[in-house]
Chemist: 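My questions all concern the structure below.
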Protein chains: 2
Amino acid sequence: MKTEIEELLRKKEIKITANRILILELLLNTPHSLSIATIEKALPWADRATIFRTLKTFEKKALLHAVKDDDKPIKYAICSDACEVNYHKIHPHFHCDTCGNTFCLYDYDFRLPKLPDNYTADKYSLVINGICSNCQKHNI
Amino acid sequence: MKTEIEELLRKKEIKITANRILILELLLNTPHSLSIATIEKALPWADRATIFRTLKTFEKKALLHAVKDDDKPIKYAICSDACEVNYHKIHPHFHCDTCGNTFCLYDYDFRLPKLPDNYTADKYSLVINGICSNCQKHNI
DNA sequence: TACGATTTGCAATTAGATTGCATTTGGTTT
DNA sequence: AAACCAAATGCAATCTAATTGCAAATCGTA
Ligand SMILES: [Mn+2]
Ligand SMILES: [Mn+2]
Ligand SMILES: [Zn+2]
Ligand SMILES: [Zn+2]
């Protein structure tokens with residue numbers, strides 16, 4: 001496991017450090033996006049500023065992306081394999097009103113409809129709110 | 001003009017005050033959403049806290065809605081006529097990378113595609129980034 | 001081992017949103 | 001008109017999240 005993570009960091013040209021390994025491991029093992037505060041709770045020995053800068057580094061290297069839902073602390077999630085430094089695969093996100101988690105919807109078939117005349121688009125952000133598959137089950 | 005505004009406030013059951021009239025007038029006369037800071041600049045005599053609470057009041061009464069694009073300060077825009085206290089007409093927003101303004105797209109034909117199994121949606125937020133009609137013209 | 005470039009830890013700052021509280025204001029009741 | 005009450009306002013203070021400065025710790029390499 002740790003080897004895979006180091007491999008990933010190497011591939012993205014990010015210098016390997018203990019902090020980075022553990023933060024990346026946490027993100028990889030979590031099915032939803034995480035905020036700095038949440039990462040801080042999961043890795044109590046880690047410093048907030050270090051987490052912040054680690055996330056920024058990862059973001060710059062297209063290892064993860066910021067997820068901005070309606071809630072306050074910004075969350076971060078691992079990028080798709082397709083993402084590179086100069087190309088980010090845009091995709092919708094789903095925010096569950098029950099568990100509060102926000103998920104990346106990589107397989108959701110969504111395309112932007114034609115814009116009004118004289119408007120050009122280069123990216124979008126779609127956040128859907130509702131109840132996630134997991135909370136659906138536990139709520140019967 | 002002022003009479004129309006007072007009429008609108010009356011219809012929404014909001015007590016009429018000087019602050020509210022002028023803040024609402026500004027929002028009505030602006031084609032894009034406005035942040036508290038921007039309103040503060042346009043109405044220098046107004047207090048930030050008062051603007052804040054006025055916007056909250058307006059929001060609660062379905063006179064306007066918060067617009068959350070990728071940029072930091074939250075913006076606010078007048079609601080559509082269809083909006084009521086218990087029903088808000090959801091619509092996409094357009095953020096212009098050139099002028100920085102964010103517009104409501106009331107006439108944009110957008111419907112949420114079918115979600116993955118076991119996911120239910122009750123609302124969404126779509127923000128499109130690009131260049132607006134106005135900046136398009138000035139950029140030839 | 002010494003050196004130079006990064007990364008890290010800790011404290012402090014910034015930005016924006018939000019609140020407490022005393023005062024003012026506006027409408028209503030004697 | 002004077003007293004009265006509730007809501008609105010102004011100003012300062014607080015809170016949360018994001019971000020930065022700087023010195024010490026690290027790491028790879030000469
Ligand atoms: Mn995502
Ligand atoms: Mn809008
Ligand atoms: Zn859920
Ligand atoms: Zn524009």
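Since the structure is predicted, the reported quantities are computational estimates derived from the model, not experimental observations. First the proteins, then the strands, lettered A, B, ... as listed; each starts at 1.
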Chemist: Expressed as a whole number of angstroms, how long is the span from B:W45:CH2 to D:dA8:C1'?
Modeler: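 Atom-to-atom, B:W45 to D:dA8, this comes out as 13 Å.
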
Chemist: Can you give the donor-acceptor pairs under 3.5 Å from side chains of residues 118-133 of chain A to other protein atoms, not counting sequence neighbours?
Modeler:
none

Chemist: Might you list the N or O atoms of the protein lying below 3.5 Å from N or O atoms in nucleotides 14-18 of chain D, with each pair's distance?
Modeler:
unit_1: D:dA18; atom_1: OP1; unit_2: A:I74; atom_2: N; d: 2.8

Chemist: Tell me: CG of B:L9 to P of D:dA7, nearest whole Å?
Modeler: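 Whole-Å distance recorded here is 18 Å.
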
Chemist: For B:D69, is there an ion pair with B:K72 - N to carboxylate O distance below 4.0 angstrom?
Modeler: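 So B:K72 does not pair with B:D69 through a salt bridge.
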
Chemist: For a quick test of reading the model: is some side-chain N or O of A:T17 closer than 4.0 Å to OP1 or OP2 of D:dC27?
Modeler: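 No, no such contact exists.
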
Chemist: Can you build the contact string for nucleotides 21-26 of chain C? Use B for base contact, S for sugar-phosphate-only contact, and - for no protein heavy atom under 4.0 Å.
Modeler: B-----

Chemist: Give the nucleotide from the list C:dT18, C:dT7, D:dT9 with an atom nearest to the side chain of B:K56.
Modeler: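 So the nucleotide nearest the side chain must be C:dT18.
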
Chemist: If I take atom CG in residue A:D47 and atom P in nucleotide D:dA23, what distance separates them, rounded to the nearest angstrom?
Modeler: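 That distance rounds to 17 Å.
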
Chemist: Could you walk me through whether B:H93 and B:H32 pass the ring pair (Phe, Tyr, Trp, His ring centres under 6.0 Å) test, one step at a time?
Modeler: CA-CA 10 Å; B:H93 291 96; B:H32 53 262; over 10 Å; no

Chemist: Round to a whole Å and report the spacing from CD1 of A:I51 to P of C:dT7.
Modeler: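 In whole Å, C:dT7 P lies 16 Å from A:I51 CD1.
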
Chemist: Rounding to an integer number of Å, can you tell me how far A:D71 CG sits from C:dA17 C1'?
Modeler: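 A:D71 atom CG is separated from C:dA17 atom C1' by 15 Å.
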
